[in-house]
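Since we're looking at a predicted model, the values are computed, not measured.
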Amino acid sequence: PIQKMSWRSLLLIIFCFSTKAHSQNYRANIWADSVMSTMSLDEKLGQLFIVRSFSNQNEQQIQDVSVLIQNYHIGGVCFFKGTAGSLFNLIQKYQSLSKIPILVSMDAEWGLGMRITDAFSFPKQMSLGALKENRLIYELGKEMAIQMKLFGIHMNYAPVLDINNNLNNPVINERSFGSNRQRVLLKSYALMQGLQDYGVLACLKHFPGHGDTDLDSHKDLPVLNFSKNRLDSLELYPFEGILNAQPAAIMTAHLKVPILDSTENIPASLSQEILNGTLRNRFNYQGLLITDALEMKGVTKNFSAGDIAVKALIAGNDLLLLSENIPAA
């Protein structure tokens with residue numbers, strides 16, 4: 001069932017990152033409750049969705065996103081390729097169209113330059129994995145956050161906690177801090193803290209671990225056919241170790257893990273047993289859960305857009321990222 005607390009938690013985060021009152025918890029609670037009391041069910045449902053936007057001044061695409069915000073009360077926008085000027089202008093435009101502040105996000109693992117053609121790119125995580133001084137990675141996260149806040153971006157889908165232990169992996173490799181689980185944990189912690197200490201929400205990914213696969217979940221459903229002992233000692237190790245530091249969000253991956261949930265065709269992103277059983281109950285994680293993109297073949301090859309959204313929400317996700325068909329969802 002849909003829980004009121006999920007919506008309320010989202011509103012609290014939106015408030016804190018849309019004002020200068022980061023420490024004023026009482027004021028945030030009052031605001032969230034006052035907004036919740038005025039929202040229809042459709043408005044609450046719309047807040048669960050994050051849609052794609054390119055900041056390249058494609059007028060049809062801008063119109064499409066504007067319609068979703070106005071007609072479906074969409075709560076979040078994730079920005080992709082474009083220029084700095086267009087990005088800034090579009091964020092202001094979309095915010096002006098919504099009566100509830102929009103949660104603005106970006107998949108910017110190595111900074112704004114990953115998506116914005118005239119912005120700065122930091123070294124990728126594999127390069128940072130070679131550094132001995134983790135304080136430098138913290139400072140990088142801090143600078144990344146400062147740059148993102150200048151544009152009004154609230155969340156970065158980073159850092160990557162996947163362990164780079166499969167040479168045939170087509171999608172992780174240089175995005176990982178390395179093949180050593182302790183190094184991945186410590187350097188992910190440093191980047192996460194740098195982002196969050198300077199006002200940008202971090203989103204750890206890709207739970208429960210996309211490192212040891214030879215398939216790309218954008219194109220198919222990878223299977224982690226490992227024992228519980230193996231998962232605990234490797235894939236899950238960085239996630240479990242970092243949770244006491246209160247990461248704002250975790251991204252749930254389209255990965256089949258039979259030892260944790262044997263249900264046919266159900267990836268971790270749609271699994272109650274994995275999200276509630278492992279993350280919520282075993283690891284006692286209380287932050288936001290965000291799906292990986294719901295347009296990826298790891299989920300769309302087996303389910304329709306509407307079914308995917310429902311299954312993802314029932315499984316325990318708080319935010320639904322890049323659904324293929326918003327009206328159906």
Suppose the criterion is side-chain hydrogen bond (donor to acceptor under 3.5 Å, both in side chains): which pairs have a residue in residues 120-131, not counting sequence neighbours? Lys124-Glu174
Can you check whether Gly178's main-chain N or O pairs, donor with acceptor, with Lys187's side chain at less than 3.5 Å? no
Just by modelled atom types, is the Ser233 backbone N or O under 3.5 Å from a matching donor or acceptor in the Arg181 side chain? yes
With distance as the sole test, does Lys256 use its side chain to make a donor-acceptor pair with the main-chain N or O of Thr263 at under 3.5 Å? yes
Using a 3.5 Å distance criterion without hydrogens, assess whether the side chain of Asp261 forms a donor-acceptor pair with backbone atoms of Ser271. no
Would you say the side chain of Ile259 lies within less than 4.5 Å of the side chain of Ser227, judging by non-hydrogen atoms? no
Report, one line per pair, each donor and acceptor closer than 3.5 Å where one atom sits in a side chain of residues 62-79; sequence neighbours left out.
from	atom 1	to	atom 2	distance (Å)
Asp64	OD1	Gln60	NE2	2.9
Ser66	OG	Ile62	O	2.8

Any side-chain hydrogen bond (donor to acceptor under 3.5 Å, both in side chains) involving residues 320-329? Give me the pairs, sequence neighbours left out, ordered by first then second residue. none
Same cluster or not: are Leu161 and Ile137 linked, directly or through other Ile, Leu, Val, Met, Phe, Trp or Tyr residues, by side-chain heavy atoms under 4.5 angstrom apart? no
Cut-off 3.5 Å, side chains only: do Asp162 and His206 have a donor facing an acceptor? yes
For Gln246, look at atom CD and say whether over 12 heavy atoms of other residues, nucleotides or ligands are found less than 6.0 Å away. no
Donor-acceptor under 3.5 Å (Ser37 side chain, Ser34 main chain): yes
